[in-house]
**Q** 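Can you read through this structure? Questions will come right after.
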Protein chains: 4
Amino acid sequence: MSIGRPRNNAHSDAAKEAALQLLTEHGYAAISMEAVAQHTGIAKQTLYRRWKNKRDLILDAFVDDANRMPPAADTGSLEEDLRLYLRQTATLLNSNCGVTNRALMAEGLQDSDFLKELRERHLIKRRTRLRDIIRRKHTHFTEEQETFLVDLALGPVWYRLLVQNAPLNDAFTDALAHQVTRAARELETQTS
Amino acid sequence: MSIGRPRNNAHSDAAKEAALQLLTEHGYAAISMEAVAQHTGIAKQTLYRRWKNKRDLILDAFVDDANRMPPAADTGSLEEDLRLYLRQTATLLNSNCGVTNRALMAEGLQDSDFLKELRERHLIKRRTRLRDIIRRKHTHFTEEQETFLVDLALGPVWYRLLVQNAPLNDAFTDALAHQVTRAARELETQTS
Amino acid sequence: MSIGRPRNNAHSDAAKEAALQLLTEHGYAAISMEAVAQHTGIAKQTLYRRWKNKRDLILDAFVDDANRMPPAADTGSLEEDLRLYLRQTATLLNSNCGVTNRALMAEGLQDSDFLKELRERHLIKRRTRLRDIIRRKHTHFTEEQETFLVDLALGPVWYRLLVQNAPLNDAFTDALAHQVTRAARELETQTS
Amino acid sequence: MSIGRPRNNAHSDAAKEAALQLLTEHGYAAISMEAVAQHTGIAKQTLYRRWKNKRDLILDAFVDDANRMPPAADTGSLEEDLRLYLRQTATLLNSNCGVTNRALMAEGLQDSDFLKELRERHLIKRRTRLRDIIRRKHTHFTEEQETFLVDLALGPVWYRLLVQNAPLNDAFTDALAHQVTRAARELETQTS
DNA sequence: AGCTAATCGAGACGGTACGTCGCGTCTTGAC
DNA sequence: GTCAAGACGCGACGTACCGTCTCGATTAGCT
């Protein structure tokens with residue numbers, strides 16, 4: 001047990017919640033330490049005691065929110081598994097969670113350290129889950145091959161999310177699942 | 001003919017160049033109207049006379065740099081054409097141009113109007129060129145199918161550039177070109 | 001003429017006035033750049049553009065106020081002149097002006113640079129006037145002798161103002177004027 | 001007998017010493033409860049348990065140092081006694097003791113209650129000693145006359161210490177002793 | 001040549017937020 | 001009950017950019 005008065009954990013939650021609320025209600029630019037402090041009644045100094053700057057609070061707040069990721073179902077069919085996972089991912093990203101992911105990336109593109117942390121704390125999970133789905137059926141892929149297939153599956157999804165040239169609908173993710181499955185099968189053939 | 005003292009066009013170039021320099025030398029956060037003004041000796045008012053805000057300057061400054069896109073060679077083979085195009089794209093994005101693309105997206109994610117403009121003035125060109133490559137071989141695709149294939153090709157590239165910060169090497173783009181070609185062929189079969 | 005938009009002089013006056021008002025109404029501790037800014041509608045940055053910190057604003061504000069010093073009457077009699085001057089000084093210091101002088105000294109005792117500036121911009125004037133009164137009658141004093149007599153006259157006044165918080169009444173200043181006069185006369189005798 | 005763990009008296013001394021050290025080494029502004037706590041390893045709460053606020057600690061810390069006052073020698077001659085006493089006072093105030101006296105006054109000017117306490121616990125002693133010297137030779141002065149003479153003697157000294165930051169040398173204090181003696185003699189004459 | 005009008009540099013200005021500091025209070029577990 | 005540790009609300013500090021504004025000084029085309 002650490003000495004001294006313990007931190008009030010409710011504060012952390014309140015701050016993160018306030019940050020999320022500010023984002024969804026007044027847009028990304030409305031998130032400020034000042035506003036979070038005023039909104040929650042938490043002293044600014046207390047916020048800075050827990051997060052060394054604004055970015056860190058935002059990261060923490062959104063990672064919690066964004067970590068709600070679909071479980072990887074196991075239907076026995078790779079394409080079916082991929083289709084389900086990508087559909088769920090799309091559904092999630094079409095909701096508020098997409099907004100927060102975009103916001104996080106807005107920060108990430110301005111600060112590579114932040115992006116690195118974002119990847120390690122958050123994005124990696126989505127990748128891992130996808131990789132596991134693939135690995136269930138294809139056990140002999142090299143790491144490079146796995147990475148390629150994951151990029152092939154997630155790349156177009158993020159591309160649409162960030163650049164927003166087209167909607168993330170079922171037709172899109174299903175087609176994507178189909179192509180990734182075929183690509184995996186082909187790689188398997190080449191390897192053996 | 002407008003009356004009064006004409007604008008000094010050298011200023012526009014100087015400002016854009018300064019913005020670029022600030023980005024590459026001190027990182028994205030260093031780009032500020034204040035800094036551009038001070039760096040170039042141009043008055044802030046002059047900058048605001050030409051660009052209505054910081055984002056607009058950044059768009060203008062980087063779009064030139066970011067617009068440099070590979071020509072679409074025509075070898076007769078779709079996979080070969082894609083391979084060439086994606087390799088050249090990767091080469092470009094591995095240079096400074098990747099940095100500026102990231103900067104533009106950083107702004108785009110904070111302002112959807114800006115993103116729209118960015119898409120229409122800049123990103124669309126890369127897509128069009130890719131679409132044309134595909135269209136040369138596959139003339140009967142619906143727009144949705146074309147869009148899907150372009151997303152399948154560019155998605156993973158952007159994903160690595162923006163999100164994963166992973167290397168865009170030949171192995172990657174070649175594999176990508178291969179899968180896109182395969183996907184196109186399959187779509188053709190299904191359609192007919 | 002300096003280039004650029006000229007400063008709005010009304011701002012300086014408003015800020016100084018607000019500082020004085022805050023002092024007299026809510027006490028010395030109430031003077032803050034924050035409060036002055038809010039009170040006057042002047043942006044904090046504007047205040048800091050004119051005064052490099054809180055102390056400087058306070059000094060400037062009070063020097064204006066405190067410079068209202070009694071003129072040195074010339075009755076032909078040294079004691080009479082001294083009596084008049086010290087009475088007027090006492091009257092002034094018994095008013096608001098005494099409060100501001102105490103406030104300035106509170107700062108001065110915490111920062112010797114500030115005290116130096118305070119002496120040079122403000123306190124010196126009181127001394128000069130007294131020295132002139134003495135010099136009219138005694139033209140052959142050394143600088144050291146003059147300094148001594150001025151200290152002899154002003155020391156007890158400041159002592160009561162700052163330390164003793166004792167009344168500065170006519171009985172006191174008259175007695176003081178009398179002793180300073182006798183001291184001057186004696187010094188004259190010794191010198192010749 | 002109080003119950004529970006007894007206070008560690010070494011702490012009080014350590015805190016006072018730290019305050020003094022901060023003053024002399026880094027200037028008045030460096031004295032903060034925060035710094036004293038960190039410097040000594042004493043918890044802030046412990047400090048506040050012993051002194052109700054910063055001022056009180058400062059008073060307690062410096063009053064010991066500031067209390068060192070010259071004894072009042074009795075040579076039989078008033079002027080000689082005054083000369084000795086003022087010389088010794090000057091010597092003391094030229095040392096560290098002058099710095100601490102300035103620090104105490106800096107606090108006193110911001111809080112009249114504090115000033116009152118400072119006078120009663122500390123400054124009064126110097127006055128009393130001087131008054132006693134005078135009283136030995138002049139037994140019939142009213143309290144007002146005594147007060148005047150003490151102010152006449154100490155005023156210029158404090159004035160130089162606090163306001164003028166001018167040297168307290170023998171020439172100065174001797175001249176002062178001489179004038180105070182003369183003033184006393186004259187008052188005696190007038191009274192009788 | 002003189003007039004008109006937009007340009008330019010410089011920099012003041014109101015705002016909003018930043019991240020830091022010190023105050024005095026409170027809350028732990030250990031002694 | 002005291003102690004070290006440190007969380008906490010509060011209020012101010014001085015700084016950084018934002019985008020707007022107001023100056024005097026250029027610098028053209030139009031009369």
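In what follows, every heavy atom counts, from backbone to side chain, and hydrogens, waters and symmetry copies are set aside.
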**Q** NA contact type, D:R7, heavy-atom cut-off 4.0 Å: base, sugar-phosphate, or nothing?
**A** sugar-phosphate
**Q** In whole Å, what is the span from the CD atom of C:Q38 to the P atom of E:dC13?
**A** 19 Å
**Q** More than 12 non-hydrogen atoms from neighbouring residues, nucleotides or ligands closer than 6.0 Å to CD on C:E117, yes or no?
**A** yes
**Q** So, do B:F114 and B:R119 sit near enough that their side-chain heavy atoms are less than 4.5 Å apart?
**A** no
**Q** Specify the separation, in whole Å, of atom CD1 of C:I3 and atom P of F:dT26.
**A** 11 Å
**Q** Is there a donor and acceptor pair closer than 3.5 Å between the side chain of C:K44 and the base of F:dG14?
**A** yes
**Q** Among E:dT20, F:dG19, E:dA12, which nucleotide has an atom closest to any side-chain atom of C:R49?
**A** E:dA12
**Q** Look at all strands and tell whether D:R55 reaches a base, only sugar-phosphate, or nothing, counting heavy atoms closer than 4.0 Å.
**A** nothing
**Q** Using atom types as modelled and distance alone, determine if a side-chain donor or acceptor of A:D60 lies under 3.5 Å from a backbone N or O of A:D56.
**A** no
**Q** Both C:I31 and B:A29 contact DNA chain F. Which one's nearest nucleotide lies toward the 5' end?
**A** C:I31
**Q** From the options E:dA10, F:dA28, E:dA5, select the nucleotide whose nearest atom is closest to the side chain of B:P6.
**A** F:dA28
**Q** Looking at side-chain heavy atoms only, is the closest gap between C:V99 and C:T24 below 4.5 Å?
**A** no
**Q** Separation of B:M33 atom CE from E:dG9 atom P, in whole Å?
**A** 13 Å
**Q** Is A:Q45 side chain donor-acceptor paired with the F:dC10 base, going by distance under 3.5 Å alone?
**A** no
**Q** Checking contacts here: which listed nucleotide (F:dC3, F:dC10, E:dC18) is nearest the side-chain heavy atoms of A:A43?
**A** F:dC10
**Q** Starting at CD1 of C:I42, measure out to CE of C:M33 and round the result to the nearest 0.5 Å.
**A** 10.0 Å
**Q** Between F:dA4 and D:T46, is there an OP1 or OP2 to side-chain N/O distance shorter than 4.0 Å?
**A** yes
**Q** Rounded to whole Å, please give me the gap between CD1 in D:I42 and P in F:dG6.
**A** 16 Å
**Q** Treating C:K54 as the side-chain partner and C:I31 as the backbone partner, does any N or O pair qualify as donor plus acceptor under 3.5 Å?
**A** yes
**Q** Roughly, in whole Å, what's the span from CG in D:L47 to C1' in E:dC26?
**A** 16 Å
**Q** Under the 3.5 Å rule, do the base of F:dC21 and the side chain of C:R5 count as making a donor-acceptor pair?
**A** yes
**Q** Calculate the interatomic distance between B:E34 atom CD and F:dT15 atom C1'; express it in whole Å.
**A** 12 Å
**Q** Taking CG from D:D111 and P from E:dG24, how many angstroms apart are they, rounded to a whole number?
**A** 11 Å
**Q** C:K54 has a side chain; which of E:dC8, F:dC13, F:dA5 sits nearest to it?
**A** F:dC13
**Q** Select from D:S32 and A:G4 the residue whose nearest nucleotide in DNA chain E is closer to the 5' end of that strand.
**A** D:S32
**Q** So which nucleotide from E:dA10, F:dT15, F:dA4 ends up closest to the side chain of D:H11?
**A** F:dA4
**Q** What integer distance in Å separates C:W51:CH2 from F:dC13:P?
**A** 14 Å
